[in-house]
> 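What follows is a structure written as structure tokens; I'll ask about it next.
These numbers come from the heavy atoms of this one structure, side chains and all, not from hydrogens, waters or symmetry mates. In what follows, every chain begins at residue 1, and chains take the letters A, B, ... in the order their sequences are listed.
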Amino acid sequence: MLITTPNLTRPDETYAALIATHEGLSEAESHALNARLILILMNHIGDDAVLTEAMRLARDKGGQAA
Amino acid sequence: MTDLVPERYTLAFRLYPYAKSPDQEAATPARHKVIVVGGGPIGLATALDLGRRGVPVLLLDDHEGAGLGSRALCFSKRTLEICDRLGAAGPMLDKGVQWNVGKVFHDDRLLYEFNLLPEAGHAFPAFINLQQPWFEKFMHDAILDAQAEGAPIELRGRNRVDAVIPAADHVALDVMTPDGPYRLEADWLIACDGARSPLRGMMGLSFDGRVFEDNFLIADVKMKADFPTERWFWFEPHFKSGDSALLHKQPDDIWRIDFQLGWNIDRAKELEPANIRARVDAMLGPGVEYELDWCSIYTFQCRRMGRFRHGRVLFAGDSAHQVSPFGARGANSGIQDVDNLAWKLALVLDGAAPEALLDTYDSERVHGADENILNSTRATDFITPKTPVSKMLRNAVLELAETLPFARTVVNSGRLSLPCTYDGSALNGPDHAAMPARTRPGSPCPDAPVAGGWLLNRLGRGFTLLTIGAPAPEVLTAHGLAVPRLALDATPEIRDRYLGDAEAAVYLIRPDQHVAARWDHYSAGAVSDALARAIGKE
């Protein structure tokens with residue numbers, strides 16, 4: 001079951017860290033970093049059903065298109 | 001004088017020279033029980049399996065033996081097990097190169113290596129590499145052995161089928177020979193005439209699927225190299241030959257090099273020896289001496305026929321389905337077609353099973369073909385990403401694979417051929433929840449060491465009742481079939497592969513060594529019902 005309720009322990013800090021991770025990278029390098037990050041997080045989650053649900057939600061822009 | 005059946009390719013082995021048959025002078029067309037068209041690996045195996053079962057079979061081929069060129073190269077454990085049942089595996093194993101280790105490179109970096117067979121206790125290795133002409137030769141040698149023992153198999157070389165006329169109770173064929181045409185009739189016709197199947201074309205049947213816009217160059221080189229016997233695969237290789245490359249060992253100091261070239265190429269130019277040598281030199285590095293043995297450029301498609309049975313005509317192997325070469329799923333899946341078809345056709349011809357049993361050849365092997373096409377398509381899409389974003393994600397996987405083992409599970413340079421489980425087949429009977437998933441109904445029996453040899457060796461040519469710690473009669477007779485019992489001790493391998501958490505087990509095993517049904521005790525009624533189901537009587 002995909003968690004869509006607030007779940008980040010430190011939302012502001014984590015988001016700032018995500019932006020900081022991309023600092024100094026070209027757009028192409030940033031896209032590549034995002035790709036690696038997605039794969040690492042996918043493995044952490046592991047569950048195919050949860051991931052499929054997350055992909056659907058991302059494709060629907062968080063549910064707007066539904 | 002015109003050559004009525006000209007050779008389209010050079011032979012590696014002349015196996016069944018043309019000889020005039022009395023059928024060619026017959027006043028009315030001779031009727032045969034089964035005619036197989038095509039003398040490749042699948043046609044030869046079909047003739048051998050049927051002949052070994054006592055079914056009279058005639059094989060026609062427009063050549064006189066095995067064509068030159070390594071072509072199908074990697075033969076899987078399941079293929080070897082089936083060939084062993086047919087009496088052909090020994091020489092294949094002796095001549096073939098065994099390998100278990102694969103290495104995956106990106107550019108010039110080794111990402112990781114893998115071992116194919118972590119599980120001990122199997123008679124055959126995960127794969128052997130053996131050039132297709134040798135596979136065909138050994139299959140033919142086994143046919144000669146079977147003929148010597150009385151198996152009713154006949155092979156006719158330079159007999160080209162020019163027309164096929166299906167009828168309700170037979171199929172007529174117009175056959176061309178060096179002595180002119182003649183007509184034959186068959187109760188059943190099995191088309192093993194390859195991806196470009198002339199029979200499929202003559203019958204106007206479609207063969208739909210996906211074309212992959214890519215060309216691959218095979219360069220077989222002969223050299224005394226000290227590369228280990230491993231499969232080496234490169235994504236975006238540093239020697240700049242294209243998107244991927246593969247190096248694989250064959251018998252006789254020959255190495256298969258497979259270069260992905262892309263779509264818009266000048267085929268004739270790429271096949272010039274100087275251009276092939278330039279690619280090979282860049283790959284092997286300076287100062288390596290080699291000879292070019294055989295070279296070919298191929299493209300591929302992933303596709304299958306809508307149905308593999310069309311009345312009295314059955315399609316098997318590449319004539320019915322075609323996949324990319326990644327994963328060694330071509331010849332290996334064709335041999336599984338044979339394994340599935342031969343016993344069913346033999347039972348139908350004996351009158352022991354209804355004709356409807358043959359429809360399960362279609363449903364089970366279509367299931368197998370779809371699984372192969374899915375795997376092969378996924379490998380192809382990983383090796384050649386179709387969009388910029390899929391290429392970025394693919395390269396992200398490769399970047400992570402060097403240090404993070406999880407990413408290696410996503411790397412796909414071909415998921416190597418494993419036999420499919422016929423989940424949901426109409427022939428499957430009861431399952432038992434406490435027993436291992438890998439031996440559920442529909443699964444191919446995993447081999448295991450047993451007293452005096454190997455389990456698969458001990459299974460009979462027909463159905464077998466396998467018991468582990470369960471009393472049962474030595475032979476069950478039902479539905480016109482005698483099913484012998486094979487009682488096994490619960491060794492660690494048998495416990496792991498067949499018993500699981502159950503106290504005892506009774507398995508009904510099909511003639512193709514797939515599980516039909518299983519229980520935790522013997523009941524004559526239950527086994528008899530499952531047997532009826534497994535031969536299409538339900």
Side-chain angles (χ1 to χ4, degrees), chain A, chain B residues 104-114 233-238 243-244 370-371 374-375 377-415 418 420-421 423-424 437-438 440:
Chain A
M1 182 73 183
L2 182 71
I3 301 169
T4 53
T5 52
N7 192 42
L8 293 165
T9 52
R10 304 172 71 216
D12 288 350
E13 286 74 7
T14 307
Y15 186 75
L18 176 63
I19 300 302
T21 303
H22 284 275
E23 246 168 50
L25 299 183
S26 69
E27 191 167 339
E29 288 166 340
S30 270
H31 282 309
L33 183 150
N34 280 338
R36 292 192 296 272
L37 185 60
I38 290 168
L39 292 165
I40 290 166
L41 294 174
M42 276 175 56
N43 183 63
H44 182 85
I45 295 163
D47 188 304
D48 174 69
V50 172
L51 289 164
T52 306
E53 176 64 9
M55 288 175 212
R56 191 194 60 76
L57 199 60
R59 176 90 195 195
D60 293 350
K61 299 182 185 169
Q64 289 174 30
Chain B
V104 178
F105 300 84
H106 186 201
D107 197 346
D108 59 352
R109 293 176 305 136
L110 171 64
L111 298 184
Y112 66 95
E113 60 178 82
F114 59 87
F233 189 94
W234 286 263
F235 292 99
E236 303 180 318
H238 61 92
D243 279 352
S244 73
D370 284 346
E371 192 174 288
L374 177 69
N375 275 293
T377 301
R378 283 177 175 168
T380 307
D381 286 341
F382 191 87
I383 292 163
T384 311
K386 300 294 181 286
T387 64
V389 72
S390 57
K391 182 158 188 168
M392 187 171 65
L393 287 163
R394 193 283 303 268
N395 282 352
V397 170
L398 295 179
E399 278 165 14
L400 297 178
E402 194 174 353
T403 49
L404 300 175
F406 88 80
R408 297 168 196 169
T409 63
V410 185
V411 174
N412 192 344
S413 66
R415 297 273 177 253
L418 292 170
C420 87
T421 293
D423 282 319
R438 67 191 286 187
R440 66 191 182 276

> Given a strict heavy-atom distance threshold of 4.5 Å, which part of B/L400 is in contact with chain A: side chain, backbone, both, or neither?
side chain
> Could you tell me which portion of A/L37 (side chain, backbone, both or neither) has an atom closer than 4.5 angstrom to a non-hydrogen atom of chain B?
neither
> Could you go step by step and tell me if B/E399 and A/R36 meet the side chain to side chain contact (heavy atoms under 4.5 Å, CB included) rule?
CA-CA 8 Å; B/E399 278 165 14; A/R36 292 192 296 272; 2.7 Å; yes
> Which pair of heavy atoms, one from A/A32 and one from B/M392, lies closest together, and at what distance?
N-SD, 3.9 Å
> Please rank B/V397, B/V389, B/N395 by heavy-atom pairs under 4.5 Å with chain A and give me the top one.
B/V397
> Taking only Lys NZ, Arg NE, NH1 and NH2, and the carboxylate oxygens of Asp or Glu, determine whether B/E371 and B/R415 approach each other closer than 4.0 Å.
no
> Applying side chain to side chain contact (heavy atoms under 4.5 Å, CB included) to A/L18 and A/T14, what does each step give before you reach the verdict?
CA-CA 6 Å; A/L18 176 63; A/T14 307; over 6 Å; no
